[in-house]
K.L.:
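Before I ask anything, let me first share the structure, which is written out below as structure tokens.
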2 protein chains.
Amino acid sequence: MARSRDEKRDPAASLALLWGEQGQPKRGPKPSLSVERIVDSALAIADEEGLDALSMQSVAARLGVTTMALYRYVPGKAELLDLMVDAAFGPAPDVTSVAGGWRPRLEVWARACWQEYRRRPWMVAATGMRRQLMGPRQLAWIDSALAALSETGLPYAQQHAAFLLLVGHVRGLAQQLADDDAEGREEWDRLTADVWARHGDRFPALTAAIAGGAFAPRPGDPLDFGLERILDGVAVLVERG
Amino acid sequence: MARSRDEKRDPAASLALLWGEQGQPKRGPKPSLSVERIVDSALAIADEEGLDALSMQSVAARLGVTTMALYRYVPGKAELLDLMVDAAFGPAPDVTSVAGGWRPRLEVWARACWQEYRRRPWMVAATGMRRQLMGPRQLAWIDSALAALSETGLPYAQQHAAFLLLVGHVRGLAQQLADDDAEGREEWDRLTADVWARHGDRFPALTAAIAGGAFAPRPGDPLDFGLERILDGVAVLVERG
DNA sequence: CGAGAACTGTGTACGCAATAAGCGATTACG
DNA sequence: CGTAATCGCTTATTGCGTACACAGTTCTCG
């Protein structure tokens, strides 16, 4: 029930690849490829042409080999995606060097995370479809955030919950804005306005909000509002503690 | 550039379908299907077997027609998904009847929204891949939340931002827990523990958190923590007013 | 040094998915 | 009644993921 998405995926194999735990072969011809080169090509394709353009064939073509050659290095597309997801993020920010306690550190972390999602918009779609696998990069980011949170003195359970809250905000925003810079934006706005003219009267609160400019593009980083609210909320909890 | 996901999608057609704006035919044989029946079948398949099992063929088979028959009613799979996403949510909660001002109302709203996501875990994946389209159900939910938020007296822009924050939390949590009740959970934990034993020393904060039980399953609704934090944060803003 | 085992990239082929095009049957309007 | 619109269906195309077997390459062991 509802778990079919993992049916063709081998998490153990992904993890082994992720942590470099496959002993390299002793005999046989020199490999002309490597897992790393394959992942790099896949990332390049996703960056340049979007996730839809990512296929075993497109990756192979970019590397100048046959499609099936990839299967000597990677069990299948699902596992390749696992590797991409972990590799997509840059190195985790070193938050311990930020002065001012947990709050500014978390802020720096959140902004860095946000930057990564903005840099690779396809990540939202890629991770939305599969359970997250614990790769080295992923863990480094988590570790970095938890390091900042540990200074709150909150119980560990609440630190974890706060972390999830923060990531949820970043990811949610990334999804919200995933296509906002794209050229389809205009058509979208036109269509929405059209729907609006036709049926707006059925939604009074929304009508008022639109009239009040709630949906107008605003200057500044869209991350800010939620970030401040969340940290305020955590601060309330810390002080109460 | 990263917009390929919409390349094969006709948002105008989706909207027309969503709002029932396609004049019904005058001549020709009686249709044996309807858009509604198709969407219902598609929802049933997604609910029972997951998003991966959703194909034009599976929908058609469930309805006892050929695959191509569906194309008389729906332009393509992308548009069918648009319809599913809007139809997946039940009617928006009537929040105006909740006593106590904006805070309890928003809380009720968020919990209702959370329930909907829990009921249809595939929604996270389905909406993660495509820009949200404004369907009637969708708009009703948004309207409901904005109605509650309008009582904060905050500027409309901030009401909107607070709304996004709340949805982000709900969605983020839904994704986080999407497979948690599934039978694959055990293998997952085993693999993660294994990775942990091998490389845990590289992540001190994470190690401490795990030792402190940060990742242990906890009683109570996982939504609560973030919900309270967010509302606390908004409350700070309101009082500061 | 020579044999075979381990490993490489490749060619071919299968099955599934989305969907374009065209066919005969059906039905309301003029 | 005829004709145009519309139905569901058959057939064919395209692209995908991947199983399988083959031929060449390199290391290890006898």
K.L.:
Going by heavy atoms closer than 4.0 Å, what residues in residues 78-86 of chain A are next to DNA chain D?
P.N.:
none
K.L.:
Heavy-atom nearest nucleotide on DNA chain C for B:Gly76 versus A:Ala69: which residue maps closer to 5'?
P.N.:
A:Ala69
K.L.:
Within the distance-only criterion (no hydrogens, no angle test), does the side chain of B:Gln175 pair as donor or acceptor with the backbone N or O of A:Thr127 below 3.5 angstrom?
P.N.:
yes
K.L.:
Expressed as a whole number of angstroms, how long is the span from A:Met56:CE to C:dG9:C1'?
P.N.:
17 Å
K.L.:
Any side-chain heavy atom of A:His160 within less than 4.5 Å of one from B:Arg218?
P.N.:
yes
K.L.:
Using whole Å, what does the distance between atom C1' of nucleotide D:dG8 and atom CG of B:Leu63 come to?
P.N.:
13 Å
K.L.:
Any pair with a residue in residues 54-81 of chain A that passes salt bridge (Lys or Arg N to Asp or Glu O under 4.0 Å), sequence neighbours left out, goes on the list, sorted by first then second residue, please.
P.N.:
A:Glu48-A:Arg62
K.L.:
Using a heavy-atom cut-off of under 4.0 Å over every strand shown, decide if A:Thr67 touches base, sugar-phosphate, or nothing.
P.N.:
base
K.L.:
In whole angstroms, how far is the P atom of D:dT14 from the CG atom of A:Asp52?
P.N.:
20 Å
K.L.:
Would you give the length of the straight line joining atom CG of A:Leu17 to atom CG of A:Asp86, rounded to the nearest 0.5 angstrom?
P.N.:
11.0 Å
K.L.:
Taking B:Ser41 for its side chain and B:Arg37 for its backbone only, find out whether a donor-acceptor pair lies under 3.5 Å.
P.N.:
yes
K.L.:
Rounded to whole Å, please give me the gap between CG in B:Asp10 and P in C:dA20.
P.N.:
12 Å
K.L.:
What's the spacing between A:Asp82 CG and A:Gln132 CD if we round to 0.5 Å?
P.N.:
9.0 Å
K.L.:
To the nearest 0.5 Å, tell me how far A:Met134 CE sits from B:Thr192 OG1.
P.N.:
6.0 Å
K.L.:
B:Arg137: which residues meet the salt bridge (Lys or Arg N to Asp or Glu O under 4.0 Å) condition with it, sequence neighbours left out?
P.N.:
none
K.L.:
Rounded to the Å, how far apart are B:Arg37 CZ and D:dG8 C1'?
P.N.:
14 Å
K.L.:
Is any side-chain N or O of B:Thr66 closer than 4.0 Å to OP1 or OP2 of D:dG8?
P.N.:
no
K.L.:
Here's a test of your reading of the structure: between B:Gln24 and B:Gly64, which maps to the more 5' nucleotide of DNA chain D?
P.N.:
B:Gln24
K.L.:
Does the side chain of A:Gln57 get closer than 4.0 angstrom to OP1 or OP2 of D:dG15 through an N or O atom?
P.N.:
no
K.L.:
For nucleotides 22-30 of chain C, read 5' to 3', which letter fits each nucleotide if B means a protein heavy atom sits under 4.0 Å from the base, S means only the sugar-phosphate is that close, and - means neither?
P.N.:
BB--BBB--
K.L.:
Under a 4.0 Å N-O cut-off, is there an ion pair linking A:Asp52 with B:Lys8?
P.N.:
no
K.L.:
Can you name the residues that form a salt bridge (Lys or Arg N to Asp or Glu O under 4.0 Å) with A:Asp194, not counting sequence neighbours?
P.N.:
A:Arg198
K.L.:
Taking the side chain of A:Ser55 as its heavy atoms from C-beta onward, which of D:dC9, D:dG17, D:dG8 lies nearest to it?
P.N.:
D:dG17
K.L.:
Under 4.0 Å, heavy atoms only, any strand: does B:Met68 hit a base, just the sugar-phosphate, or nothing?
P.N.:
base
K.L.:
B:Arg9 has an atom CZ; how far is it from atom C1' of C:dA18, in whole Å?
P.N.:
17 Å
K.L.:
Can you sort out which residues in residues 13-22 of chain A have a heavy atom within less than 4.0 Å of DNA chain C? Ascending by number, please.
P.N.:
none
K.L.:
Under 6.0 Å from the CD atom of B:Glu36, do we count more than 12 heavy atoms belonging to anything else shown?
P.N.:
no
K.L.:
In whole angstrom, give the distance that lies between atom NZ of B:Lys8 and atom P of D:dT14.
P.N.:
13 Å
K.L.:
A:Tyr71 has an atom OH; how far is it from atom C1' of C:dC14, in whole Å?
P.N.:
13 Å
K.L.:
State, with a plain yes or no, whether a side-chain heavy atom of A:Trp114 is found less than 4.5 Å away from one of A:Arg118.
P.N.:
yes
